[in-house]
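One-based numbering, in listed order, for ligands and for the atoms of each.
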Amino acid sequence: MRKLLLATTALAFACASAVPAFAEFKARNIRVSNGINADHPVGNGINAMQKCLDEKSGGKMKLTAFWGGALGGDLQATQALRSGVQEAVVTSSSPLVGIVPALGVFDLPFLFGNAQEAYKVLDGKFGDMMNQKLDAAGLVNLAYWENGFRNLSNSVRPVTKWEDFSGMKVRVMQNNIFLDTFQNLGANATPMAFGEVFSALETKAIDAQENPYVTIDTSKFFEVQKYVTETNHAYTPFLFLFSKAIFNTYAPDEQAALRACAVVGRDVERQVIGDLNKKSLEKIKAAGLQVNTLSPEEQQRIREKSAVVYEKHKAEIGAEVVDGIVAELKEVRK
Ligand code: TF8
């Protein structure tokens, strides 16, 4: 009898500890705005993040993703977060420099040499420092996801040296550093929201745009372009931003689950980009586009020509921020 009692008690304890306490979790519908389409690797990341949230919250926290700018462009969606009317957005940092000027540091041409060093800087103390600036602007950055290395596409001619940019009407993000980088190369740079790019290319209002291969693929830009050059002129991160006003109303367990699961999603998203990059490039070639690479000499010339952009924007980004990332990169490259 005593044995039975002990066994029952032990079983009861085992059950109690095996069932996670979901008490801190309420039913949450989290709208996540995206400018890119559902077949972009961000889709894989969001699925992984959802699976993680299901486990942690007992199915109470639900992400609802909106694609193709259905909830507005990057900037518009971010402002909706700041005013507390929308939960989340996956956005490039570049259109947000009007809100947090220091973010411009990521737009400096040829800053990151490869994805690994970008991850170290973004996921480390430099990334945390930028997150504090975002927080002060009413935005909680849950994690740095990946947009990636950007390449040029156009409909007029092969670009194999910087002189080929001459007079080319290149859409750039709404960001002064990108504007200057392309103007400095001789292009006729035109700032434009992402949502307008496809039709502007289609109607030839612009000749060119620049984005990672996976975006040229999933946003179908290859259908209205003839040439691609692997310029790798910038690595832009995605920020997984949450409205601070809404985040502050969540319980600590809910906040912690969001932060932890955004990191799970990040790792999946980065992994899928790595794989899809090659496939997207193959798809672009198969669609008949001419893909050029730059010779090492040309890469060097473009890089040297672009160096002026660093000095020109140092004050507005913040000298300590620019010097900080340069020092951090030196450390990471050791
Ligand atoms: C751009 C960006 C965009 C992303 C997307 C809208 O060119 O690279 O592709 O921010 O989320 O505007």
Side-chain angles (χ1 to χ4, degrees), residues 31-46 65-81 86 88-100 103-104 106-107 109 111-112 115 118 122 134 139 141-154 169-179 181-182 187 189-201 206-222 224-225 228 231-241 265-266 269-270 272-273 276-277 280:
R31 289 162 295 177
V32 187
S33 171
N34 295 276
I36 30 91
N37 291 326
D39 55 346
H40 186 282
V42 166
N44 304 78
I46 286 183
F66 292 83
W67 302 102
L71 295 184
D74 283 343
L75 189 54
Q76 200 185 337
T78 303
Q79 296 295 17
L81 265 57
Q86 188 182 299
V89 63
V90 178
T91 175
S92 290
S93 52
S94 317
L96 312 187
V97 290
I99 303 170
V100 178
L103 286 175
F106 299 130
D107 303 314
L111 180 73
F112 292 119
L122 296 168
L134 284 157
L139 299 162
N141 184 26
L142 297 179
Y144 290 91
W145 287 28
E146 181 158 85
N147 190 351
F149 281 99
R150 307 178 74 90
N151 296 311
L152 181 87
S153 73
N154 83 89
K169 213 161 179 207
V170 183
R171 174 270 175 173
V172 291
M173 290 182 283
Q174 292 147 303
N175 174 288
N176 277 338
I177 300 168
F178 272 90
L179 185 72
T181 300
F182 281 88
T190 311
M192 190 183 283
F194 183 77
E196 292 160 41
V197 176
F198 184 89
S199 61
L201 290 172
I206 50 170
D207 304 318
Q209 69 81 45
E210 45 78 49
N211 256 297
Y213 286 142
V214 294
T215 301
I216 296 176
D217 168 9
T218 60
S219 289
K220 307 270 180 271
F221 295 158
F222 68 93
V224 287
Q225 296 280 266
V228 167
T231 46
N232 283 325
H233 53 275
Y235 172 99
T236 43
F238 272 147
L239 311 175
F240 199 118
L241 296 177
R266 173 197 79 192
E269 193 250 359
R270 286 176 178 174
V272 176
I273 288 195
L276 190 62
N277 238 332
S280 291

Given Ile99 and Leu75, is the side chain to side chain contact (heavy atoms under 4.5 Å, CB included) satisfied, shown in steps? CA-CA 9 Å; Ile99 303 170; Leu75 189 54; 4.0 Å; yes

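Scanning both residues, Ala115 and Glu146, for their nearest heavy atoms gives CB-OE2, 4.1 Å. Of all non-hydrogen atoms in Ile177 and Gly104, the two that sit nearest each other are CD1-O, 3.3 Å.
With ring centers used as reference points, Phe106 lies 6.0 Å or more from Phe178. In this structure, the ring of His233 has its center less than 6.0 angstrom from the ring center of Phe182.
At least one side-chain heavy atom of Arg270 sits less than 4.5 Å from a side-chain heavy atom of Tyr144. The side-chain heavy atoms of Ser92 and Phe194, taken from C-beta on, include no pair separated by under 4.5 Å.
Contacts of Arg150 with ligand 1, taken as heavy-atom pairs under 4.0 Å, involve the side chain alone. Residue contacts with ligand 1, taken as heavy atom pairs separated by less than 4.0 Å, involve Arg171 solely via side-chain atoms from C-beta onward. Only the side chain of Asn147 comes within 4.0 Å of ligand 1, judged by heavy-atom distances.
Residue contacts with ligand 1: Thr236 is placed with no nitrogen or oxygen under 3.5 Å of a nitrogen or oxygen of the ligand (distance criterion only). When only interatomic distances are considered, the shortest N/O to N/O separation between Thr215 and ligand 1 does not fall below 3.5 Å.
Those atoms of ligand 1 that come under 4.0 Å of a heavy atom in Asp74, given as number and element, are 4 (C), 5 (C), 6 (C), 10 (O), 11 (O). Ligand 1 places these atoms under 4.0 Å from at least one heavy atom of Asn211: 1 (C), 2 (C), 7 (O), 8 (O), 9 (O). Set against the non-hydrogen atoms of Gly35, the atoms of ligand 1 under 4.0 Å away are 6 (C), 11 (O).
Looking only at protein heavy atoms, the nearest one to atom 4 (C) of ligand 1 is Ser92 OG, 3.4 Å. Scanning the protein heavy atoms around atom 9 (O) of ligand 1, the nearest turns out to be Phe194 CE1, 3.1 Å.
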